[in-house]
Peer 1: 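I have a structure I would like to understand better, so I am pasting it below and will then ask my questions one at a time.
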Protein chains: 2
Amino acid sequence: MSAQSAVALAVSTVIFALRSDAESDFKTLWLPLVRRTREPYLDQWALPGGGLPGDEELAAAAARTLRETTGLAPKYLEQLYTFGDPGRSTGGRVVSVVYWALVESGEADLAVVGENVRWFPADRLPRLAFDHNRIVEYALWRLRTKVEYSRIAHAFLGETFTLSQLRDVHEAVLQKSLDPANFRRTIEASGSIVDTGERVAGTRHRPPRLYRYNDCGRQDEPDPFGPEPATTAIPATN
Amino acid sequence: MSAQSAVALAVSTVIFALRSDAESDFKTLWLPLVRRTREPYLDQWALPGGGLPGDEELAAAAARTLRETTGLAPKYLEQLYTFGDPGRSTGGRVVSVVYWALVESGEADLAVVGENVRWFPADRLPRLAFDHNRIVEYALWRLRTKVEYSRIAHAFLGETFTLSQLRDVHEAVLQKSLDPANFRRTIEASGSIVDTGERVAGTRHRPPRLYRYNDCGRQDEPDPFGPEPATTAIPATN
DNA sequence: GCAAAAGTGTTTTTCTTACACCCATGT
DNA sequence: ACATGGGTGTAAGAAAAACACTTTTGC
């Protein structure tokens, strides 16, 4: 457990948001990238991240990175994987602890965009710096598998939402359409949502109910004394 | 991605083997721990591990650690999680990339044991150094959930095995008995095993068939371009 | 023959999927 | 009225669980 000065440590974050896509009629996954301002990979697009300050929690560093590049706070944040191949970076060796985050779709439109920060559709990325293409692929796989057995989809939505909004999220992430009737039953049976009693007016059809995420009793992802309890919500340090 | 000298980087490994337990009639999970020979936590038991050499792959460091402490080679090795709370170590801050490994039960009996290396039953551990109790708990949870949907159980067994041996592994890990008939069908349907044609003689009952693990066509854990392909088997660098 | 585990067959239950159909609203 | 999505009912199909029963060995 001694220090090894030869290896640098960094924290990066894959940030997902759901946005309307000109090419598609449906919402699709987008993520913000930053342009590198120094070697290696100068001017190439890369995941937001940076070195780890000596007194900062790993998840907090990921959340800070996210806030600094996008101006947003994550609705969901979880450690993805630690990449440490020697040779994944030209220059000195870097071990990157990578997090993945979901941000609310509505707020994502407010996100900062500049010369050095830009949003890209997750399935049509340019060639990225380092091994970041591979990292994004893995994060996408993780998101898609996890949306089916956990309750992360609501992280893309606001405080309250209709079932078809929630279904739209699932459909956009999974890239396939879902039966509204069966979707309703599956979600209701999971106990992850609560009827607020309110309804949305102004639609040109029957007004849908508004639901809220059910905080209590989320037993679906055990993680007994797991390392992730603080990161399944917005970190306190954020 | 700059170097941060304030933070030390280490690799630790949670190593599981299946052993007969004097307290129980069934096999149970055991793991080797090492006694710390310096501060902090001097003389306390801890997970095997150490600093990361500048040119060594993370998984290779975990496999080397495993070999050095137990004399064994892992049949399965996978990254678990990276723990980095400031304050998880008294003294300087340490970020630990933790792996978990499975070793063959038969070989585990040959493992090195000494004054500073000892095997403990996984569910009756002493108070460990650092946050290592929490880490083992998480590794156990991971093992138990993963044994149900992937084909890792055979990592505890040799080249060939009977279905009841495989079932014994599942029962020991999950700590519950399984219906032999349904277990057979589930495993056969998964296509993860192949009948060798041979049988085991010498039992005082009908001789059971010997099966072999099916290498090809293991599509059960996608990980498209996942970071784990090299670590699901014995690392080449080992 | 008997005990014990291997292995097969069958029934029951549970979950998933497909899809028919009614409901409530704006236009 | 009717188009549109919200919401309910139900039956077919697939998968999981429970359990009866036959097979093959050693003793």
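From a predicted model like this one, the values you see are computed outputs, not experimental measurements. Just so we're on the same page: letters track the sequence lines, and every chain starts at 1.
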Peer 1: Do side-chain atoms of B:Thr196 reach the backbone of B:Glu198 as a donor and acceptor pair under 3.5 angstrom?
Peer 2: yes
Peer 1: Would you mind listing every side chain to side chain donor-acceptor pair (under 3.5 Å) that reaches into residues 179-194 of chain A, with sequence neighbours excluded?
Peer 2: A:Asn182-A:Arg185, A:Arg184-A:Glu188, A:Arg184-A:Tyr211, A:Ser190-A:Ser192
Peer 1: Between protein and nucleotides 20-23 of chain D, what N or O pairs are separated by less than 3.5 Å?
Peer 2:
from	atom 1	to	atom 2	distance (Å)
D:dT23	O2	B:Arg206	NH1	3.0

Peer 1: Just compare C:dA5, D:dT8, C:dG7 and give me whichever is closest to any side-chain atom of A:Arg209.
Peer 2: D:dT8
Peer 1: Between atom CG in B:Leu163 and atom P in C:dT8, what is the gap in whole Å?
Peer 2: 10 Å
Peer 1: State whether the distance check finds a donor on one side and an acceptor on the other, under 3.5 Å, for side chain A:Arg167 versus base D:dG5.
Peer 2: no
Peer 1: Tell me which nucleotide among C:dA6, C:dC19, D:dA18 gets nearest to the side chain of A:Asn182.
Peer 2: C:dC19
Peer 1: Rounded to whole angstroms, how far apart are CZ on A:Phe183 and P on D:dG6?
Peer 2: 11 Å
Peer 1: Mark yes or no for whether A:His154, through its side chain, and A:Tyr213, through its backbone, hold a donor-acceptor pair below 3.5 Å.
Peer 2: no
Peer 1: How many whole angstroms separate atom CD of A:Glu188 from atom C1' of D:dG6?
Peer 2: 12 Å
Peer 1: Side chains of A:Leu18 and A:Leu102: closer than 4.5 Å at any heavy-atom pair?
Peer 2: no
Peer 1: Do the non-hydrogen side-chain atoms of A:Thr70 and A:Val117 ever get within less than 4.5 Å of each other?
Peer 2: no
Peer 1: Start at the 5' end of DNA chain D and walk down; is the nucleotide closest to B:Thr186 or to B:Asp179 reached first?
Peer 2: B:Thr186
Peer 1: Measuring to OP1 and OP2 of C:dA5, would you say a side-chain N or O of B:Arg204 lies under 4.0 angstrom away?
Peer 2: no
Peer 1: Give a yes/no answer on whether the side chain of A:Ser164 brings an N or O atom under 4.0 Å of OP1 or OP2 in D:dG6.
Peer 2: yes
Peer 1: Between B:Arg184 and A:Thr203, which has a closest nucleotide on DNA chain C that is more 5'?
Peer 2: B:Arg184
Peer 1: Between A:Trp30 and A:Phe16, does the ring centroid distance fall short of 6.0 Å?
Peer 2: no
Peer 1: What is the distance from CG of B:Leu178 to P of D:dA16, rounded to the nearest Å?
Peer 2: 14 Å
Peer 1: Can we call the ring centroids of B:Trp100 and B:Tyr138 under 6.0 Å apart?
Peer 2: no
Peer 1: Classify the nucleic acid contact of A:Arg185 as base, sugar-phosphate or nothing, counting any heavy atom under 4.0 Å across all strands shown.
Peer 2: base
Peer 1: How many whole angstroms separate atom CG of A:Leu166 from atom C1' of D:dG6?
Peer 2: 15 Å
